[in-house]
Amino acid sequence: MYTRMTEIAVGCFVAVGLAALVMLAMKVSNLGAFSDTDGYTVSARFENIGGLKVRSPVRLGGVRIGRVNAISYDQDRYEAVIEMTIGNSYDRLPVDTAANIFTSGLLGEQYIGLEPGAEEDYLASGDVIELTQSAIIIEQLIGHFLLNESQAE
Amino acid sequence: MSSNVLLTIKGLHFSYGRRAIADGIDIEVERGKITTIMGPSGTGKTTLLRMIGGQVAPHRGDIVFDGESIPALGKAQLLETRKSMGLLFQASALFTGLSVYDNVAFPIREHTKLSERMVRHLVLSKLEAVGLRGAAELMPAELSGGMARRVALARAVALDPRLMMYDEPFVGQDPITMGVITRLIKLLNDSLGLTSIIVSHDVHEVMAISDYVYLISAGKVIASGTPQQLQQSDSPWAQQFLRAEPDGPVSFQYPALDYKKDLFGLAKS
Amino acid sequence: MFEPIRLIGEAALRALARLGQATLFIVQVIAGIPPLLRRFSLVITQLYEVGVLSIAIIAVSALAVGMVLGLQMFYTLRDFGSEQILGQVVALSLVRELGPVLTGLLFAGRAGSALTAEIGLMKATEQLSSMEMMAVDPIKRVVAPRFLAGILSMPLLAAMFSAVGIIGGYLVGVGMLGVDSGAFWSLMQANVDFYDDILNGMIKSLVFGIIITWIAVFEGYDAKPTAEGVSRATMRTVVHSAFAVLAFDFILTALMFGGS
C-alpha cells in the first residue's frame, strides 16, 4: 500500500497546495507589493475621520505609499489620532506635508491623501503631520448647502 | 501452582447485564498442551478469550498468565504481555488493505527492527507452515474463508507466541479445510512448542487433538478431563453435548411460559 | 406532563457524555502523534488517501464556484458601473468564506465519510481488535496517522480551492465578460490583505480540518460493529461535520473580521 507512486503523489499534493498559497500571497494579496513592517510611522490629528479604517491606504499624488495602522481618540484635545506607516522608499516627505481625508469616487473607500510641502527637512519616524483637513461628511455638506440656500433667500 | 501451568483462571465472574457469562470458572492450562473449552453457542467463550487477552476485564476473579495477573496489568505491561499471546479470530480479521505477505509481516515490523530480508525470511517460513507461501502477493479479498483463516493463523504465530488461542477455528469451514486446520493446530503446537487454547463446539475435531477439555455451560465448568475421560463421563450434560442430542439437561426450548397458557393469553387479548 | 422535560434532559446528558467521550478519545489520539514523526510513511499513505484523492473534487468545485461567482458578481457590479472591482469581490469572498467553508463541506463528504467507514469497518471485522491482541495500539497505529493527515490536508486543499476559484473568476470576468485584466488583479491586490484575509482564511480551514477529522475518526472508532452501525456513523460524520463547519465559521468570522 505504500509505494513510490504514493510518495510522489503526496509530494505533488503538498507542492501544489503550497503553490496555491504562494499565489494567494503574491498575486492575490498585497504581500508581494507592499509590506507593512517595512516602513516608518508618522501620526496626524483630525477633527473627524469619517469612514477611515485601519488598513485604509495612504496615497501621495494618487500613488499608494502606505497605510493606516492605528486609530485612536485623544480625549484631551477632542481629536482623532491616526497612525500611518509609510514605505521606506518614500523618505523625502517635507515636514510641512498636509494630510487630507478623501473619498475615492462618490461612494468609494476613504483614504489619506498627502500633499507635499516646501520645507527642506523631511518627516521621520514618530513625527506628527500638523496640517490636516478632516473628512468631508456628505450629510454636513448637504446641511450647509441647504442652510446657505435659505439664508440667500 | 505448579510451574507446568502456563495459565490459571481462578473464580472468574463476568456478566453482560443480568446474563452471566462466567459464574465462578476455574481453568488451568498446562504448558505445551492443547486445552479446549467447549460449550454451546452464546455462552461467552469468546469473551473468555478476550479476558485472557486483557481486552475485557473480569468483574471478579483472577487470570494469571505465566505468573502475571492479567487484570492487574497497566496498559504498557499489557501490550508487552500480549506479544507472547496469539489469538486467531473467528472472522480471521485480516487487514483488508494489506496483502497476505504484509499481513503476516505486520506484527514483525511493528515489534522488531529486523531488516526487510529477515522479515521476508520469517514471513515466508510462516506462510510455508500453513501451506500458503504461493499466495503471498494476494489480497485478503481474493482468499477463500479457509485460506484467510490459515493466513490469520500464520500472522498470529509470526512472533512465536507462547500461548496461542483459537476462537471457533472450525466454524463455517468445509470438511477438508476443517481437517487442514485441525492438523495445523496440532502441528504448530508441537513444532513451535506452543501452548494452545481452543474455544469450539465442534466435538469431533476437538476431541481428536485436545489434551484436556473443559465443558462450560451457564457460566460454570460442568465437566473436565481428557477426551477419553469425558467420553466415559456419566454427567448427563456432557453426554448430551458430546453426542449432539437435541434435548436433555440443555432444553431445546428457550425458557418460556407454558405453551398452552401462552396461546390462551394471546387468544384472550 | 414532565415527560418532555425529562426527555430533553436525557438527550442533553447523552450529548454531553458523547462530547466527553470524544474529548478523551482525541486526547489519546494526540498523544499518538509524536511517535508518528519517526514513522512518517504511515502519515504519507494517509495523506494520499485523504488529501490527494480529494484534489479532483476540490478543483472542479472551485473552478465552478469561481466562474459562477464571477458571472453573478459581474452583472450586479455592472449596474453600479464598478465591474473592475470584480477581482477584489471574487477573491475576498473565496479567501475569507467560500474557500474554507466549501472545502470543509466537500472534505467532510469525500474524506471524512471515507475515514469513518474505513475505521468503522476495521472495527466491525475485528481488525482493530486483532491489532490490540498483537500488542499494537490501534489508536496510535490506525487513528493517529489519519487524524494528522486530515489536519495537514485541509489548509492545503482550501488554498487550492481559493486559488482555483480566483482563476475561475478571472476566466469568466476577464476572458468572457471583458473586465480589464490589470484592474482585476491590481484592485484585488490593493484590497486583499495577506494577514487579515488570507492567513485568517487558512486558520479557518485548519480549524475545520481538526473538527472534521476529529468527528470522522471518533465516529468510526465508536461505530457499532455492524453494517447498519457503520452506515449510521458515516451519515453522522457528514451531518455533524457540516453543522460544525457552519457553526464554527460563524464564530470564527465574528472573531476575525468582526472588529474595526
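Per chain, numbering begins at 1; letters A, B, ... match sequence-line order. Here the structure is a predicted model, which is why all the values come from computation and not from measurement.
By the 4.5 Å heavy-atom criterion applied to side chains, Leu87(B) and Met134(C) are not counted as neighbours. Using a 4.5 Å cut-off on side-chain heavy atoms (C-beta onward), Met165(B) and Met133(C) make contact.
Ala135(C) and Lys83(B) get closest at one heavy-atom pair: CB-CG, 3.6 Å.
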Apply side chain to side chain contact (heavy atoms under 4.5 Å, CB included) to Arg109(B) and Arg39(C), showing your working. CA-CA 12 Å; Arg109(B) 286 179 179 150; Arg39(C) 288 186 68 188; 5.7 Å; no

Worked verdict on Phe95(B) versus Met131(C) for side chain to side chain contact (heavy atoms under 4.5 Å, CB included): CA-CA 9 Å; Phe95(B) 302 130; Met131(C) 212 173 263; 3.4 Å; yes

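Only the backbone of Leu94(B) comes within less than 4.5 Å of a heavy atom in chain C; its side chain stays farther off. Heavy atoms of Thr125(C) lying under 4.5 Å from chain B belong exclusively to its backbone. With a threshold of 4.5 angstrom between heavy atoms, Ser92(B) does not approach chain C through any atom at all.
Around the CZ atom of Arg183(B), the shell of radius 6.0 Å holds no more than 12 heavy atoms that belong to other residues, nucleotides or ligands. Around the CD atom of Glu10(C), the shell of radius 6.0 Å holds more than 12 heavy atoms that belong to other residues, nucleotides or ligands. Residue Phe14(B) places its CZ atom among more than 12 non-hydrogen atoms of other residues, nucleotides or ligands, all under 6.0 Å distant.
Side-chain atoms of Gln55(B) come within 3.5 Å of backbone N or O of Ser129(C) as a donor-acceptor pair.
Here Asn103(B) contributes atom CG and Ser130(C) contributes atom OG; the two are 8.5 Å apart, rounded to the nearest 0.5 Å.
Of the charged side-chain nitrogens involved, none lies within less than 4.0 Å of a carboxylate oxygen, so that Arg50(B) and Glu132(C) do not count as a salt-bridged pair.
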